[in-house]
Number of protein chains: 4
Amino acid sequence: MSPRRRDAEGTAAARAVRRAELLATAAEVFASQGYAATTVRKVADAAGILGGSLYYHFDSKESMADEILSTFLDDMWAGYDRVLAAGLGARETLEALIVESFRSIDRHRPAVVLYQNESKHLATSERFHYLLDSQRRFEEMWTALLARGASEGAFRADLDPTLIYRFIRDTVWVAANWYQRGGRLSADDIAKQYLAMVLEGIQAG
Amino acid sequence: MSPRRRDAEGTAAARAVRRAELLATAAEVFASQGYAATTVRKVADAAGILGGSLYYHFDSKESMADEILSTFLDDMWAGYDRVLAAGLGARETLEALIVESFRSIDRHRPAVVLYQNESKHLATSERFHYLLDSQRRFEEMWTALLARGASEGAFRADLDPTLIYRFIRDTVWVAANWYQRGGRLSADDIAKQYLAMVLEGIQAG
Amino acid sequence: MSPRRRDAEGTAAARAVRRAELLATAAEVFASQGYAATTVRKVADAAGILGGSLYYHFDSKESMADEILSTFLDDMWAGYDRVLAAGLGARETLEALIVESFRSIDRHRPAVVLYQNESKHLATSERFHYLLDSQRRFEEMWTALLARGASEGAFRADLDPTLIYRFIRDTVWVAANWYQRGGRLSADDIAKQYLAMVLEGIQAG
Amino acid sequence: MSPRRRDAEGTAAARAVRRAELLATAAEVFASQGYAATTVRKVADAAGILGGSLYYHFDSKESMADEILSTFLDDMWAGYDRVLAAGLGARETLEALIVESFRSIDRHRPAVVLYQNESKHLATSERFHYLLDSQRRFEEMWTALLARGASEGAFRADLDPTLIYRFIRDTVWVAANWYQRGGRLSADDIAKQYLAMVLEGIQAG
DNA sequence: AATGAATGAGTTTTCATTCAT
DNA sequence: AATGAATGAAAACTCATTCAT
């Protein structure tokens, strides 16, 4: 590797690192205060720079949200796709998807909160249409899985499938609002208990 | 009753009716767009009047949110209090509370959404401290009930109680985001199915 | 006419009057300082209101320029079209067009200056494409007229037609930079002298 | 000459060359987009460097405009002064000045455009007062010449002298907006035709 | 009850300029 | 000579709120 090559990579990498830092800060602030209620100045304050300086790195407040959300979704779907490609049974797939979801929350907590709270609102703009696409694909994935599980006899067939879908979806993702990395329970611990509740219920056996 | 008296009551009543209408509109808009992202003008547009005209009825945007939320919470707690006063067993109480919750969603859907999405943010202001009080009381009510149910042998004891609490809380209230009055399933239908999932799980027996 | 009808017309008219006032002020400031160098605040100051208040009447600084320019162009073309419809000879048409042009300058001086100085720049945006259309039509009108005049023997044929076109065009419109309504010479006086220069030259006979 | 000396001269010369290159680029961009609407970044982009890098060569955006304009004016006046020193008759002087003007446009097209469009605005700052001085001297030169020509019987006496002055001034300089070096007509060709129009008019003899 | 014009504080964004490297 | 990250002041624009009518 020539020194010139190394330099170029060095600065490109440094820039990417800085962007990632700033996005992490922005995501944190967006998640805790709400996207609309967060001023660019608050993000900058949290990053220790001035408001205008953010515009050296990003085009707009919106483009920060965009990058935060698309990065999260790409990573989430990569995880889901690995699970789906494994060719497991319905119940094992469900378990793996839920574990994967909690791991996504672990890695992208503020982005998940942002997604939960703002995607309906953001998706009205053309730029964020991929949020709707993701939602649609998500619903298809789950309804197909639940239908397969019901027909295979893995899941109860006496419940409304749409209701089950929403139940699982909400249950999992809302957890991003209170999950804390490094807390008492790890993401995998929580996944395990959620699975127990969802599969077996809370009623004493 | 003198005509003068009747008139006064008539206008006072008419005023109250108009306020309620406007609050219902405002709640709808706040719920669908988010409180911070909703301008007073959007609310007024939805009500068919001009922005400034809302100030004849309300002091401020905040006071609209205040009235929407406190009305909802008062009504919700009235329902809960009736249940708690009935002296039922743990499991029956849980069932009644969940039914009651879905009925609250049925009556106050936009207010519930507003509460879900904005209470953390709003509660930073003195005026909305009652939101925190309500939350605290809510958590106490549920943890007490779950503890009682576990000790009575009604609920499983192998799960983390905090987790169960959050699971139920989130599961129920997030439904306000998709619930539609007059839809395929009534609030009581949904409550019944949610109870089945929460108590028995989705796994085939 | 019902009172209701009169009211509605009254307020709509009042609004139109106010808009026109503000646009006249804005045009004056844009013309004297340049569009890009003019801040919205300067326009507002000149109108005796605050910066933000302009946004009650107009969407943006750009939309003010838009309305100023399109109003001017519509009026200018109405005048030209009347001339063209009269079916005069080439020389009489030229005279009438030049008189009409100076009258346009008289009625819309700041708009003409704005057009002269900023249209090249503004026309890069989709919204101002009509400026290019107008320019194109203007050029076609003049080159057709000059060609007709040359073939009819009214105008010299030994000069480059494009050059003559530009000569006349620039000569006329640049006058907006120094013309003053109510000054020593009226618009028609200036037109007469310009015509003398353009047609006969400044050389002593 | 010592090598050290040669180096110093070499770098000084190289620096001057680079400055000239950058000024030419800046003038081009200022002319095409307008001074106020041109960001330093756009100039830098056009030069293939970053915005901040321009400040190694120039103090400020203003000082670029300053250098562009004063270089042009110095050169223009050197040409005019040569003509005036030649002691020609009024008509020959007019011809020579117009030829000289088109040669100035040929050599400094973007600077001329900048001068035309921005000098009124720039001249409000102390630093650019020389623009006003130049204008004043320009007007004096021309009005004196036109008066001399009228009294000598070279130019018509029935036209308003101020009007003639403005007519010639505008006519010539506005051509910088469309003139292209290396186009169909050379600067001298254009000068010749302009002279024909100005002196003899466009009317068929 | 509601209008319509305005206020004024605050928000997002822009941009000339600086400076350590 | 130039880069790249920042500054800081000012710009365009937004919006809750006021108030005379």
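We name chains A, B, ... by the order of the sequence lines, and we start the count at 1 in each one. Atom set for the values below is all heavy atoms of this structure, side chains included, hydrogens, waters and symmetry mates excluded.
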Next on the checklist: Looking at B/Arg15, I'd like to know whether one of its side-chain N or O atoms comes within less than 4.0 Å of OP1 or OP2 on E/dA1.
Outcome noted: yes

Checklist entry - Within a strict 4.5 Å, meaning less than it, do heavy atoms of the B/Met64 and B/His57 side chains meet? => result no

Next on the checklist: Please determine whether a side-chain nitrogen or oxygen atom of D/Tyr55 lies at a distance below 4.0 Å from atom OP1 or OP2 of E/dT18.
Outcome noted: no

Item to check | Rounded distance in Å - CZ (A/Arg19) to P (F/dA6) | outcome: 13 Å

Checklist entry - Would you say A/Arg19 has more than 12 foreign heavy atoms packed within less than 6.0 Å of its CZ? => result yes

Checklist entry - Tell me: CG of C/Leu50 to C1' of F/dT14, nearest whole Å? => result 14 Å

Next on the checklist: On the six-membered ring of A/Tyr115, is A/Lys120 placed so that its NZ or CZ lies under 6.0 angstrom from the centre and within 45° of the ring axis?
Outcome noted: no

Next on the checklist: Whole angstroms only, please: what is the CG-C1' distance between D/Asp45 and F/dA2?
Outcome noted: 14 Å

Checklist entry - Can you check the D/Lys42 NZ to E/dT14 P distance for me, whole Å? => result 12 Å

Checklist entry - Roughly how many Å is it from CZ in D/Arg41 to C1' in F/dT3, rounded to a whole number? => result 13 Å

Checklist outcome for this item: Under a 4.0 Å heavy-atom cutoff, the residues of residues 58-72 of chain D touching DNA chain F are none

Checklist outcome for this item: Per-residue pairing states of DNA chain F in dot-bracket (Watson-Crick or G-U under 3.5 Å; . unpaired, | other strand) read .||||||||||||||||||||

Item to check | Test item: side-chain donor near acceptor, C/Tyr56 and C/Arg18, under 3.5 Å | outcome: no

Checklist entry - CD1 of C/Ile49 versus P of E/dA6: gap in Å, rounded? => result 5 Å

Next on the checklist: Strictly below 4.0 Å: does C/Arg18 bring a side-chain N or O up to OP1 or OP2 of E/dA6?
Outcome noted: yes

Next on the checklist: Counting only side-chain nitrogens and oxygens, does B/His57 get under 4.0 Å of the OP1 or OP2 atom of E/dA2?
Outcome noted: yes

Checklist entry - Rounded to whole angstrom units, what separation is found between the CG atom of C/Leu54 and the P atom of E/dT7? => result 10 Å

Item to check | Whole-Å gap separating C1' (E/dT12) and OH (A/Tyr35) | outcome: 10 Å

Next on the checklist: Can a side-chain donor-acceptor contact be found between D/Tyr130 and D/Asp74 if the only test is distance below 3.5 angstrom?
Outcome noted: no

Checklist entry - Under 4.0 Å between a side-chain N or O of B/Ser53 and OP1 or OP2 of E/dA1? => result no

Item to check | Evaluation steps, side chain to side chain contact (heavy atoms under 4.5 Å, CB included), between B/Phe58 and B/Leu22 | outcome: CA-CA 10 Å; B/Phe58 305 100; B/Leu22 293 171; 3.9 Å; yes

Checklist entry - Can a side chain N or O of C/Tyr56 be found less than 4.0 Å away from OP1 or OP2 on E/dA5? => result yes

Checklist outcome for this item: Sorted by position of nearest nucleotide on DNA chain E, 5' first, the leading residue of B/Gly51 and A/Thr38 is B/Gly51

Next on the checklist: Taking the six-membered ring of B/Tyr55 as reference, does the cationic atom of B/Lys61 (NZ for Lys, CZ for Arg) lie under 6.0 Å from its centre and within 45° of its axis?
Outcome noted: no

Item to check | Stepwise side chain to side chain contact (heavy atoms under 4.5 Å, CB included) test for D/Leu69 and D/Phe128 | outcome: CA-CA 9 Å; D/Leu69 290 171; D/Phe128 287 97; 4.1 Å; yes

Item to check | Spacing of CG belonging to D/Leu132 relative to OG belonging to D/Ser119, to within rounding of 0.5 Å | outcome: 8.0 Å

Next on the checklist: On DNA chain F, does the nearest nucleotide to B/Val40 precede the nearest nucleotide to A/Gly52 from the 5' side, or the other way round? Give the residue.
Outcome noted: A/Gly52

Item to check | Any side-chain heavy-atom pair of A/Leu73 and A/Leu131 under 4.5 Å | outcome: yes

